[in-house]
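Just so we're clear, the structure is a prediction, and the values are computed from it rather than from any experiment. Letters A, B, ... mirror the listed sequences (proteins, then strands); counts begin at 1.
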Amino acid sequence: MKQTIVLDLSKLPPHGLGTASLTWWGTLAFMLIEGTGFALAIAVYLYLMSLAPQWPLHAPAPDLLAGTVLTLLLIASLFPNILVARWAKAQDLRKVRIGLIVMSLLGIAPLIVRVFEFPAMHLNWDQNAYGSIVWVMLGLHTTHILTDLIDTLVLTALMFSRHGDNPRRYGDISDNAMYWNFVVATWLPMYICLYWVPRL
Amino acid sequence: MVRGRTLANRLLLTSALLALTVGCGFLGWMRQPRELRTNPPVLADLSRFRLMSNGIGGAPPESYFAEAEPYENDAYNLSQGKRLYTWFGCAACHGDGRGAAGPSFLDGWWLYGPEMVSIVASIRDGRPHGMPAFRDRMTIEQIWQLAGYVQTIGAYSAKVAATGRNDGPQTRPSENRAPAVMLFEEGPVGVNPDQGPSP
Amino acid sequence: MTPLDNVADLRDTDLNDVELDRRLASTWATPKGVWGALSTVDHKIIGRRYIITAFVFLALGGILSLAMRLQLAQPEARFIGPDRYNQIFTMHGTNMMFLFAVPVMEAMAVYLVPLMVGTRNIAFPRLNAFSYWMYLAGGLLLWIAFAIDTGPDVGWFADVPLSGPQYAAGKRADIWAQMITFTEVSALAVAVELVVTVFKQRAPGMSLDQIPLFVWSMLVTSFLIIMAMPAIMIASTALILDRLVGTQFFNPAEGGDVLLWQHLFWFFGHPEVYIIFLPAVGMVSTIVATFTRRPVFGYLGMVMALIATGILAFGLWVHHMFVAGLPRLGESFFTASSMAIAIPSGLQIFCWLATIWAGRPVFKTPFLFVIGFMVIFVIGGMTGVMVASVPFDTQVHDTYFVVAHFHYVLVGGAVFPLLGAIYYWFPKITGRMMNETIGRWAFGLIFTGFNLTFFPMHILGLQGMPRRIYTYQPEMPWSGLNMFVSLSAVILAAGFLLFFIDAIRSALSGPVAPANPWCASTLEWATSSPPPAYNFSRMPVVGSLEPLVDNSGALPVASGLFVDRRELVVTSVVGALPEARESSPGDSIWPLWSALATTVLLIWSIFTPWAVVWGSVPLAIALTGWFWPKGTKEDDA
Amino acid sequence: MRMSPIIWMSTIAIISGCTGNQSAINPKGAPAIHIAHLMSGIVAVCTLVWLLVMVMLVWALLRKRSDAGEQARERGLTTTVSAAVGATAVIIAGMTIASFYTTRDIGIPGEAALTITVRGQQWWWQVIYADPDPALTFQTANEIHIPVGRDVHVQLESTDVVHSFWVPSLAGKQDLVPGRTNSLLLRAERPGIYRGQCAEFCGLQHTHMAMMVIAEDPESFERWAVAQRGNSVNPGKPDAVAGQVAFIAKPCAACHTVRGTPAMGTTGPDLTHVGSRKTIAAGLLETTRGSLAAWIADPQTLKPGNNMPMVPLTSVELKNISAYMESLK
């Protein structure tokens with residue numbers, strides 16, 4: 001087919017940032033998938049609760065300490081996270097490197113606290129349906145912290161390599177920061193569900 | 001670059017073939033065709049095992065090996081055995097496997113040894129101190145199925161074919177998680193007064 | 001060597017057409033040989049692979065159905081025992097839903113959507129390669145398991161407690177649950193790619209109201225997948241945990257619930273029907289427009305109907321549970337919502353009728369399949385309204401009436417359009433035409449065979465024949481119709497055989513196809529048949545719904561992209577205004593390694609939960625290798 | 001032309017012969033009749049709509065075309081399509097309302113005088129006629145007797161997996177879900193034997209899990225209930241006497257109960273009055289001495305995978321036990 005050139009694209013930037021980036025939209029789509037998963041896990045929790053004669057089933061309400069510490073930790077991590085995203089946008093390599101190291105540490109810290117959340121539920125996954133759903137919810141969220149942590153670690157390594165100083169990498173970092181916001185955001189309803197709903 | 005590709009190419013093909021072979025072998029090992037109606041001659045052979053004179057240990061019939069020990073390794077038989085455990089009231093004396101009036105299957109003690117033949121003989125012929133004979137209440141195949149299940153409860157490492165938890169109130173971890181290991185508390189081992197004739 | 005080779009960052013603006021094609025080909029083409037085949041990320045090669053694999057599964061599933069028909073032809077037949085029969089019908093359903101219907105629709109989209117929106121590759125092409133390998137591994141797992149007598153035997157819906165730890169001995173149900181994970185991962189990956197491709201990679205100027213209807217339907221379908229698949233993910237995970245580590249999700253004695261499974265499964269399972277049907281709506285719209293020589297009547301209405309169907313799809317899962325003993329008020333609500341979905345479907349049917357009425361129909365094979373679709377699907381829709389009524393459903397639920405109903409919906413509503421679509425796009429995909437005469441015969445046989453096979457099943461169901469029975473007693477009045485159905489199935493099978501023969505023969509030696517054999521109006525016909533590796537030598541610019549009709553002289557295009565790296569253009573979501581040039585990733589073997597690592601993890605996890613821990617190590621390594629930059633121009637742009 | 005009653009009757013007989021006694025389109029119970037009315041209404045409307053659509057399709061495909069007046073036609077089409085969608089909505093609303101009314105007409109079980117508990121098991125039906133007085137409570141299997149013209153409340157439970165209770169000639173189906181209790185209303189309008197069958201896939205022998213509902217006049221029902229409450233009759237004939245001895249000595253007694261004998265097993269169906277039932281093995285075979293013998297001799301060939309084992313018996317034992325079973329009227 002014959003062609004007539006009607007548009008010149010050569011002035012466009014060679015890589016889009018933010019909503020012009022494909023990975024931004026891909027991350028968003030994966031957040032939608034996982035968000036639906038979290039919502040369904042909460043729905044299962046509430047469904048089982050609606051059937052149970054008392055709730056929690058055969059266990060005292062979970063201890064608040066570990067869960068609350070983790071929640072505060074996650075909320076606190078949002079500030080450096082937002083800063084990292086901002087630095088990535090400014091393509092400031094030095095600050096991004098420092099920020100990523102901080103975020104790596106802030107990814108490891110909640111995992112350590114998480115270890116104490118499982119016993120705080122006062123029962124095991126195989127004791128009854130309540131135990132099953134709370135362990136699965138905690139496990140589901142833990143895998144999200146873990147995968148984002150691994151992503152952060154890989155990106156940190158990348159930023160110290162020769163591939164670091166590149167707009168594409170900065171885009172990856174802000175997508176990763178967005179994903180961490182999502183990991184924190186999904187935890188809040190889970191926290192309320194796991195720790196406060198049984199106290200209603 | 002080109003050489004690197006060829007090498008990687010070969011490596012890839014070899015590993016793919018290897019993975020395929022391992023995969024098929026693995027699946028072949030998992031293969032469990034269900035025998036819904038065992039041949040009567042094979043069934044009859046099941047009662048022809050040889051037991052040591054002290055009632056502990058012995059040799060199953062040849063055909064049992066020929067069939068690849070179906071009552072120990074086949075998930076369907078083990079799950080049938082589990083149903084029989086309930087249906088024939090084993091729990092009345094042995095509880096969930098931890099014993100009550102009868103001995104426990106989970107504490108590491110096998111009064112007559114952990115071999116299938118001993119367990120089959122115990123169920124079929126009964127034992128002193130209250131174990132009744134089920135000879136006239138179960139068929140020999142049911143006895144073997146039940147024995148396979150009983151052996152699984154007390155196994156120290158879970159069998160792949162072991163059954164999962166029951167739908168019902170839970171009293172101990174399910175068979176496929178090796179409850180014997182999880183529940184057995186090691187303590188000073190004394191002489192068990194109920195131990196068989198020659199310890 | 002031409003002097004231009006030394007120029008860094010060469011753009012297409014500076015090149016004549018021949019030189020441009022040569023350079024683009026060397027940038028985009030997949031290298032020959034095994035390595036190239038395993039590492040390719042070309043959406044056309046992967047899409048073709050996906051389509052062929054899905055049709056192989058269709059043929060295998062068809063053979064299973066013939067085995068079932070042989071067994072059911074007479075009462076008390078002893079051809080297949082109950083154990084094998086249960087595996088066969090489970091395999092048939094699982095295979096057709098998870099390995100054929102959903103993947104084949106996504107496969108068509110993987111091939112066609114980038115072409116239809118005028119871009120050079122799908123978004124996230126490596127993820128696309130990964131999704132194919134996952135799909136293949138899942139299919140192989142299921143079929144190898146079946147071949148060695150360990151196939152799942154709990155039904156494609158795997159209701160607990162029958163599929164639970166107590167009643168499903170062995171690994172059969174675990175294989176079902178993990179196979180779901182495989183296909184779910186691949187379906188979700190493709191859905192994400194499609195959403196992003198449609199949102200961000202449309203040709204400059206192709207605003208939201210100028211997207212071809214097939215692309216719209218795939219967009220809605222992708223959102224359905226994204227929202228529905230997590231439900232089955234949660235369900236199958238809970239099932240595996242119940243079976244493997246003794247969780248109590250489905251154990252009523254410990255606070256679990258049997259119906260929880262059904263809620264989760266059907267919250268996925270009903271949208272699943274629309275995941276299969278909506279792409280077919282898009283195919284029908286495309287074929288109708290081409291063969292009536294006019295755009296589809298009521299474009300806006302069609303799009304609204306697609307979206308309405310997509311939303312309503314999540315509000316009617318309970319109609320699969322009308323006899324489970326739920327509260328009556330809830331049931332009434334779901335009757336109303338299930339019936340309501342007939343309204344958007346009706347709107348679509350009427351719009352197509354209006355299109356045909358106002359157009360000038362050309363009776364080629366693809367159009368014949370669409371006519372067949374109209375006849376059959378309307379019946380399926382009618383019986384769908386019937387089963388939406390609670391009292392009606394209590395008589396026909398789980399009977400052959402329902403078997404007839406959903407075959408009318410799925411075969412009539414999806415397979416007929418799909419076969420039409422194959423005839424329609426075959427020249428684009430292979431560069432060769434299919435045979436019109438054989439096509440007509442195949443259509444005739446499939447149409448006749450289908451109706452003769454499935455219509456009597458309505459009557460069998462009303463006469464009290466339940467589903468999923470491996471035989472029936474001679475005193476039941478079903479043997480005559482069953483024999484008739486089994487014989488008719490042979491006609492149906494003959495039609496499919498003819499179709500397969502035609503497809504293979506035409507692909508090898510059919511007449512060479514021109515770029516646009518049907519005088520169609522959408523962008524995929526603007527490029528050669530089959531398209532080059534880079535799809536379009538310059539990015540098309542779109543100004544209407546029918547870019548090829550309105551620009552019959554020359555295609556408006558945009559220039560300014562690099563030719564020495566895989567570049568395409570990113571546009572805005574609503575107006576498709578160019579936002580950036582973007583490098584599309586090159587070939588990579590890492591998606592295959594990642595898929596293999598995931599396969600090992602998933603199969604291993606049937607045996608021990610520790611597999612999730614240890615199996616994730618190689619997976620993490622493979623994924624890091626996937627994303628680690630290799631220093632190519634695409635990576636560093 | 002008036003059809004003579006005999007021809008009329010025989011036509012009915014032929015039709016019902018064709019559809020059998022397990023058929024949703026040959027209803028004999030009040031709920032099933034309500035549903036059948038609804039079904040025929042919806043099917044009629046749908047058929048009409050389908051025919052209309054097909055006429056439209058054929059017309060659209062084959063009509064003669066001229067080039068004039070395209071603009072006006074497009075506008076006309078919009079009106080037609082909108083009208084068609086509107087009509088669809090109206091029809092759909094009508095069917096929804098009709099469906100609600102039918103649900104209401106079927107009524108809710110609960111106030112019925114007679115309550116029967118049916119427990120689904122892999123792969124047979126345990127039927128319990130509970131009575132406040134435990135002495136009057138009795139159980140049977142795979143055969144439900146109900147009085148004609150009275151509401152019967154069937155309480156549905158499951159001991160293992162999900163089953164579904166379906167006697168199409170009398171009522172729609174209802175699932176038996178472990179951990180829950182469901183209810184169904186049965187009401188037979190005329191006496192007869194209605195076959196029902198499990199309608200939810202429940203494992204290996206889902207196929208052979210049928211039951212008979214026998215609707216009879218209240219007097220015969222009462223007589224039957226009295227007979228069922230009693231212990232088993234003592235066998236008279238010598239082979240049956242020997243059969244009883246063998247039954248108790250062999251594994252049979254471990255799973256089956258025969259009230260009035262030491263056989264107290266609860267795993268299999270209660271056999272106290274097995275000889276009075278129409279069928280054995282959940283509707284698989286008619287109760288005759290031969291079928292009983294065949295069943296006992298090799299249950300795994302007749303119903304592969306069911307839970308009754310093949311008990312090795314001598315031919316004499318087999319003959320005697322089947323004689324005993326047959327005598328348990």
Side-chain angles (χ1 to χ4, degrees), chain C residues 81-83 86 155 159 161-162 167 252-253 257-259 297-298 323-325 328 332 335-336 339-340 342-343 346-347 349-351 353-354 356-358 360-361 371 374-375 378-379 382 385-386 389-392 394-399 462-464 466-473 476-477, chain D residues 18-20 22-25 34-35 38-39 42-43 46 49-50 53-54 56-57 59-61 63 65 73-74 77 80-81 84-85 88-89 92 95-96 99-100 102-103 106 160-162 164 166 168 172-175 177-180 182 197-207 304-305:
Chain C
D83 186 42
N86 291 351
D159 271 1
L162 191 61
Y167 295 97
D257 184 40
V258 169
L259 293 186
F297 175 85
V323 298
R328 234 183 227 179
S332 304
T335 291
M339 294 246 182
I343 296 171
L347 174 65
I349 297 276
F350 299 133
C351 284
L353 281 176
I356 297 172
W357 192 86
R360 296 171 179 283
I371 298 172
M374 296 268 207
V375 177
V378 176
I379 297 182
M382 298 291 172
V385 167
M386 296 176 194
S389 151
V390 175
F392 201 124
T394 59
Q395 281 291 24
V396 296
H397 185 82
D398 273 335
T399 70
L462 292 173
Q463 285 182 346
R467 287 168 82 173
R468 301 167 186 136
I469 53 172
Y470 76 98
T471 189
Y472 49 93
Q473 283 151 254
M476 303 313 289
Chain D
C18 286
T19 52
Q22 177 177 324
S23 169
I25 42 180
H34 286 301
I35 298 174
L38 176 77
M39 288 187 353
I42 293 184
V43 169
C46 286
V49 173
W50 181 77
V53 174
M54 289 307 109
M56 287 298 298
L57 176 66
W59 185 41
L61 285 169
R63 78 182 181 97
R65 276 142 171 106
R73 225 179 269 154
E74 204 83 351
L77 276 181
T80 319
V81 167
V85 173
T88 310
I92 291 298
M95 286 180 187
T96 310
S99 162
F100 291 163
T102 308
T103 307
I106 291 170
D160 38 45
V161 301
V162 182
S164 192
W166 186 38
K173 63 180 72 63
Q174 189 69 248
D175 285 356
V177 184
R180 290 174 182 244
N182 282 343
Q197 189 164 355
C198 177
E200 179 64 82
F201 177 60
C202 58
L204 280 169
Q205 279 301 331
H206 166 57
T207 299

*Measure D:Q174 against the heavy atoms of chain C and call it side chain, backbone, both or neither at under 4.5 Å.*
both
*Look only at the side chain of D:H206 and the backbone of C:R467, and say whether a donor-acceptor pair between them is shorter than 3.5 Å.*
yes
*Between C:M382 and D:W50, which heavy-atom pair has the shortest distance, and what is it?*
CE-N, 3.9 Å
*asked:* Show the nearest heavy-atom pair for residues D:Q197 and C:G464, with the distance to one decimal.
replied: OE1-O, 4.5 Å
_Please classify the contact of D:W166 with chain C as side chain, backbone, both or neither, using a heavy-atom distance under 4.5 Å._
side chain
*Non-hydrogen atoms of chain C under 4.5 Å away: do they reach the side chain of D:M39, the backbone, both or neither?*
both
*Out of D:V43, D:L61, D:V49, D:T80, which one racks up the most heavy-atom pairs below 4.5 Å with chain C?*
D:L61
*Does C:V323 offer a backbone N or O that forms a donor-acceptor pair with the side chain of D:K173 under 3.5 Å?*
no
*What are the two closest non-hydrogen atoms of C:Y470 and D:Q205, and how far apart are they?*
OH-NE2, 3.0 Å
*Against chain C, label D:F201 side chain, backbone, both or neither, depending on which of its atoms sit under 4.5 Å from a heavy atom there.*
both
*Just wondering, do D:T103 and C:S332 contact through their side chains at under 4.5 Å, heavy atoms?*
no
*asked:* Between C:P252 and chain D, with a heavy-atom cut-off of 4.5 Å, which part of the residue counts as in contact: side chain, backbone, both or neither?
replied: side chain
*Contact winner vs chain C - D:S99, D:C202, D:C198, D:G203, heavy-atom pairs under 4.5 Å*: D:S99
*Is it the backbone or the side chain of D:I35 that comes under 4.5 Å from a heavy atom of chain C, or both, or neither?*
side chain
*Can you tell which part of C:Q473 gets under 4.5 Å to a heavy atom of chain D, answering side chain, backbone, both or neither?*
side chain
*Taking the side chain from D:N182 and the backbone from C:A324, do they hold a donor-acceptor pair closer than 3.5 Å?*
yes
*What pair of heavy atoms forms the shortest contact from C:A342 to D:I92, and how long is it?*
CB-CD1, 3.6 Å
*Does a side-chain heavy-atom distance below 4.5 Å link D:H34 with C:P391?*
no
_Minimum heavy-atom separation for C:A358 and D:R63, please, with both atom names._
CA-NH2, 4.0 Å
_If I measure from the heavy atoms of chain C, does D:V162 come under 4.5 Å with its side chain, its backbone, both, or neither?_
both
*asked:* If you compare all heavy atoms of C:I349 against all heavy atoms of D:V53, which two are closest, and at what distance to 0.1 Å?
replied: CG2-CG1, 4.3 Å
*Tell me, for D:I106 versus chain C, whether the close heavy atoms (under 4.5 Å) come from the side chain, the backbone, both or neither.*
side chain
_Could you check whether any side-chain N or O of D:T96 sits under 3.5 Å from a backbone N or O of C:A336, counting only pairs where one atom can act as donor and the other as acceptor?_
no
_Looking only at heavy atoms and a cut-off of under 4.5 Å, which of D:G305, D:S164, D:P168, D:G179 has the most pairs with chain C?_
D:P168
